[in-house]
Every structure is written in structure tokens, then in C-alpha cells.
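Within every chain, numbering begins at 1; the chains are lettered A, B, ... in the order of the sequence lines, protein sequences first and strands thereafter.
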There are 2 protein chains.
Amino acid sequence: MWRAYLHATTLLEDHLDRQLQRDAGMPHVYYGLLVHLSQAPRRRMRMTQLAKDAKITRSRLSHAVARLEKSGWVRREDCPSDKRGQNAVLTEEGYAVLRRSAPGHVNAVRQAMFDRLTPEQVGQLGEIMRVMAEGLQPADPKADLPWLR
Amino acid sequence: MWRAYLHATTLLEDHLDRQLQRDAGMPHVYYGLLVHLSQAPRRRMRMTQLAKDAKITRSRLSHAVARLEKSGWVRREDCPSDKRGQNAVLTEEGYAVLRRSAPGHVNAVRQAMFDRLTPEQVGQLGEIMRVMAEGLQPADPKADLPWLR
DNA sequence: ACGCTGTACTTGAACTTTCAACCTCACTCG
DNA sequence: CGAGTGAGGTTGAAAGTTCAAGTACAGCGT
């Protein structure tokens with residue numbers, strides 16, 4: 001079963017990465033960042049929050065945003081209320097790319113997963129993934145030290 | 001559901017990557033290569049075959065083996081029957097690393113997945129992954145051109 | 001024997017990710 | 001206030017991955 005899991009997940013990831021690189025000119029993770037931004041109020045988000053939502057490190061996000069900025073899809077903006085802060089803002093161009101490539105991507109995902117699974121299986125998989133994620137929640141650093149709370 | 005899937009799989013991958021980097025000094029993919037080699041007859045395998053089994057490109061494998069060679073865990077060997085060919089050979093040292101780190105890794109996997117899922121869920125997940133993998137099989141390049149067969 | 005096509009693998013450059021160090025600003029507390 | 005602690009974010013270098021091109025041998029047809 002573990003083998004099957006590894007096999008399937010790597011295949012799917014490679015597949016989607018190629019699809020997006022081809023159709024949208026960016027890897028899957030970067031695409032995910034644009035999606036997150038597009039769904040945020042005013043299409044902008046604080047760096048740390050975006051990193052958390054996308055489950056990547058702040059460092060990785062810094063580099064990623066630098067690249068997306070170079071491509072013109074994201075812009076940085078100083079945060080008015082906290083002088084340390086930065087907002088990542090989805091540009092019009094970035095939004096356009098997203099709109100252009102979203103249908104193809106959604107389609108790729110559907111073809112790869114949903115079309116092949118029965119509705120019950122989709123339900124099962126959802127539940128399983130929720131359980132797994134719960135167990136892997138990057139533990140609150142203080143979780144090990146409850147006496148400090 | 002798709003969100004849950006992305007969330008859980010990336011969390012798990014990060015988790016295992018860190019675990020192995022810490023305990024075995026290499027990323028998950030490289031560990032997988034050693035495992036494959038360890039299970040092959042005479043602990044050696046042709047490069048292309050290894051790449052296929054591990055689901056990575058030949059290029060990636062070349063670089064990976066170069067690194068593993070530098071670490072002393074794998075050795076290259078000319079293939080006697082085909083002068084173009086190379087065999088990747090697991091060294092004693094490589095085997096030792098594997099033996100040392102396997103229990104911890106197996107344990108990490110168990111804790112992350114199997115301990116949290118019911119036996120039925122494990123069965124369901126296995127079936128689901130098999131279905132997905134089947135649909136993603138890197139298609140035979142000629143698959144699109146059946147008239148050429 | 002000759003050239004053609006394809007297989008096996010490597011290489012280098014461009015790109016992405018990680019890791020550890022770093023800077024700046026916010027907050028707390030004596 | 002002023003020092004200490006820590007949060008927000010960036011940076012540069014090292015490690016890993018991808019992509020396109022390249023070398024060398026195998027195998028086939030003529």
C-alpha cells in the first residue's frame with residue numbers, strides 16, 4: 001500500500017507540475033500562491049500568512065515572490081500598519097494568467113483523480129486525508145511544553 | 001477534498017524529507033534509490049531500470065548517483081554486456097546506512113499514516129492509489145498514434 | 001562494410017528549495 | 001526610557017531538479 005501511495009502521488013505531482021509549467025509557465029507551488037492571493041480580500045496577503053496558508057517556509061516564499069515579481073504577476077507592497085511587514089499583491093496580469101490557465105488545470109485534476117474514482121472513493125479519500133493532515137499539523141512549538149502555557 | 005489532499009500530501013512529504021535528512025543524511029528520493037538497489041539481485045541495477053522503478057528521469061538519476069557516489073553509498077560499474085551501460089551498485093557502506101535508518105523511517109511512516117487510519121481506510125487508500133496510478137502511467141509515446149503501430 | 005536510427009547515459013546551465021545567518025521593527029517590562 | 005526578546009521578512013550559498021543538448025555504443029537495413 002505504501003508503495004502504491006508513493007507511486008501515485010509522485011506520478012500525479014509530476015503530471016500537474018508539467019501541465020502547469022507548460023500551460024501557465026510556472027510550477028505547481030507558484031500557481032498555488034496565485035490562487036491563494038486571488039481568493040484573499042483585495043487580492044493581497046501578508047507574507048507570513050501566505051506562507052502558512054500555502055504550507056511553505058517564509059524563505060521559500062521570499063524567493064518565490066521575487067520570481068513572480070520578475071514575471072509581473074505579483075507585486076510587493078509595504079504594510080501600512082507594521083513597518084516590518086510586506087504584502088504580496090496579485091497584479092492584473094497575474095489575475096489574467098490565472099483565469100487563462102485555471103480551466104485547464106482544473107480539468108487536469110479532474111481527469112487525473114475525480115473522473116477515475118467513484119463518489120464513495122472521493123469521500124473516503126477526503127476523510128483519510130483529513131485524518132493524516134491532522135496528525136501532521138506542524139506542532140505548535142509549545143505543544144511539547146504544556147506547563148509553559 | 002482536493003485541498004485536503006494537497007494539504008496532507010505536502011505535509012507528509014515535508015515530514016519524511018526532514019526525518020530522513022536528519023537521520024540518514026539524504027532526501028527521501030535518494031533513500032528510495034538505496035532501497036531499490038538493496039532489493040535488486042546482487043544489489044545492483046542498470047541506470048535506466050532504476051530510474052524507471054523509482055519514477056524519476058535519467059538525468060535526475062545521474063545527478064543523484066553522482067551525489068550518492070560522493071557520499072560513498074553507491075558505486076558505478078560498467079556493464080559487461082553493453083558498453084553504453086552503467087550499473088549502480090549499493091556499497092557495503094550504503095547498505096549499512098540503510099540498515100541503520102530503515103527502522104526509524106518505517107516508524108515515521110507508520111506513525112504518520114497507518115497508526116491513524118483504520119484497517120478499512122488503509123484498504124480503501126490502497127485501492128484508490130492503484131486506480132490513480134493506473135490513469136497516470138506515463139503513456140507510451142506511441143499511445144497517441146495507434147495508427148503507427 | 002556503411003550509414004541510420006535509436007538507446008544509454010552524462011553534462012551544464014537555469015531554476016527551485018533548503019539552511020543558517022542576518023536586519024529591521026514591535027512589544028514588554030523593570 | 002532602554003534593554004531584551006521575538007516576530008516579519010530577506011539574503012546568499014549549497015543542494016537538488018529540470019531542460020536541452022551532447023557523446024558513445026547498439027542494432028538494423030542495404
Side-chain angles (χ1 to χ4, degrees), chain A residues 10 13-22 24-33 44-71 74-89 138 140-142 148, chain B residues 10 13-22 24-33 44-71 74-89 138 140-142 148:
Chain A
T10 68
E13 236 201 277
D14 288 5
H15 180 63
L16 294 181
D17 248 340
R18 274 170 218 290
Q19 186 262 322
L20 279 176
Q21 190 70 57
R22 183 163 46 71
M26 70 190 112
H28 195 191
V29 182
Y30 289 28
Y31 181 87
L33 294 178
R44 70 199 58 211
M45 223 185 277
R46 285 291 291 273
M47 294 293 277
T48 296
Q49 189 56 45
L50 179 50
K52 265 182 201 152
D53 286 13
K55 274 91 196 175
I56 65 179
T57 62
R58 274 174 322 202
S59 170
R60 189 175 175 181
L61 181 60
S62 261
H63 290 297
V65 168
R67 196 277 215 185
L68 290 172
E69 213 169 8
K70 218 174 285 180
S71 304
V74 165
R75 185 163 34 85
R76 276 180 226 253
E77 202 176 56
D78 289 351
C79 174
S81 59
D82 185 335
K83 278 178 199 162
R84 295 167 303 179
Q86 292 280 107
N87 274 310
V89 187
D140 179 342
K142 297 193 190 82
L148 282 184
Chain B
T10 69
E13 236 201 274
D14 289 5
H15 180 63
L16 294 182
D17 248 339
R18 272 170 220 292
Q19 187 262 321
L20 280 176
Q21 190 70 57
R22 184 165 43 73
M26 71 190 114
H28 194 191
V29 181
Y30 289 27
Y31 181 87
L33 294 177
R44 70 197 59 210
M45 224 186 277
R46 286 291 291 271
M47 294 292 277
T48 298
Q49 189 56 45
L50 180 51
K52 265 182 203 153
D53 286 13
K55 273 91 197 174
I56 65 178
T57 62
R58 285 191 314 271
S59 169
R60 190 175 175 180
L61 180 61
S62 262
H63 290 297
V65 168
R67 194 279 215 185
L68 290 172
E69 215 169 6
K70 218 174 286 181
S71 304
V74 166
R75 185 164 35 84
R76 277 180 226 249
E77 203 176 57
D78 289 351
C79 173
S81 59
D82 185 335
K83 279 177 197 160
R84 296 166 303 179
Q86 292 280 108
N87 274 310
V89 187
D140 179 343
K142 298 194 189 81
L148 282 184

Tabulated below should be each protein N or O lying under 3.5 Å from an N or O of nucleotides 23-27 of chain D; please produce it.
unit_1	atom_1	unit_2	atom_2	d
D:dA26	OP1	B:Lys83	N	3.3

- Message: Tell me the closest heavy-atom pair linking B:Val74 and B:Ala88, and the distance in Å.
- Response: CG1-CB, 4.2 Å
- For A:Glu13, which residues count as a side-chain hydrogen bond (donor to acceptor under 3.5 Å, both in side chains) partner, sequence neighbours excluded? none
- Task: Give every residue pair that meets the side-chain hydrogen bond (donor to acceptor under 3.5 Å, both in side chains) criterion with at least one member in residues 54-63 of chain A, sequence neighbours excluded.
- Result: none
- Provide, to the nearest angstrom, the distance between the CZ atom belonging to B:Arg58 and the C1' atom belonging to C:dT7. 8 Å
- Can you tell me how far C1' of D:dG8 sits from CG of A:Asp78, to the nearest Å? 12 Å
- Task: Measure from CD1 on B:Ile56 to P on C:dC9 and round the result to the nearest Å.
- Result: 13 Å
- Message: I'd like to check the side-chain contact (heavy atoms from CB on, under 4.5 Å) partners of B:Ala64; sequence neighbours left out, ordered by chain and number.
- Response: B:Tyr30, B:Leu33
- On DNA chain D, nearest-nucleotide positions of A:Gly85 versus A:Gln21: which is more 5'? A:Gly85
- For B:Thr57 and for A:Arg76, find the nucleotide of DNA chain D with the closest heavy atom, then tell me which residue's nucleotide is more 5'. A:Arg76
- Give, for atom CD of A:Gln21 and atom CG of A:Asp14, the distance between the pair rounded to the nearest 0.5 Å. 12.5 Å
- Apply side chain to side chain contact (heavy atoms under 4.5 Å, CB included) to the pair A:Asn87 and A:Arg46, showing each step before the final yes or no. CA-CA 4 Å; A:Asn87 274 310; A:Arg46 285 291 291 273; 3.5 Å; yes
- Query: Hey, does the side chain of B:Arg18 come within less than 4.0 Å of C:dT18's phosphate (OP1/OP2), counting only N and O?
  - Reply: no
- Message: Nearest whole Å is fine: how far is D:dT17 C1' from B:Leu33 CG?
- Response: 13 Å
- Query: Roughly how many Å is it from CE in B:Met26 to P in D:dT17, rounded to a whole number?
  - Reply: 13 Å
- Message: Can you list, in residue-number order, the parts of residues 59-70 of chain B that come under 4.0 Å of DNA chain D, counting heavy atoms only?
- Response: B:Ser59, B:Arg60, B:His63, B:Arg67
- Taking CD from B:Glu77 and P from C:dA8, how many angstroms apart are they, rounded to a whole number? 18 Å
- Note on the structure: Note: B:Leu16 and B:His28 closest approach over all heavy atoms is CD1-CE1, 4.0 Å
- Task: Tell me which residues in residues 44-53 of chain B put a heavy atom below 4.0 Å from DNA chain C, sorted by number, or none.
- Result: B:Arg46, B:Met47, B:Thr48
- Among B:Glu77, B:Glu69, B:Met45, find the one that has a side-chain contact (heavy atoms from CB on, under 4.5 Å) with B:Val89. B:Glu77
- Send over the distance from A:Tyr30 OH to C:dC15 C1', rounded to a whole Å. 8 Å
- Task: Kindly say whether A:Gln86 contributes a backbone atom to a donor-acceptor pair with the side chain of A:Asp78 at under 3.5 angstrom?
- Result: no
- Rounded to the nearest angstrom, tell me the gap between atom CD in B:Glu13 and atom P in D:dG16. 15 Å
- Distance from B:Arg67 atom CZ to B:Met26 atom CE, nearest 0.5 Å? 7.5 Å
- Task: Starting at SG of B:Cys79, measure out to CZ of B:Arg44 and round the result to the nearest 0.5 Å.
- Result: 10.5 Å
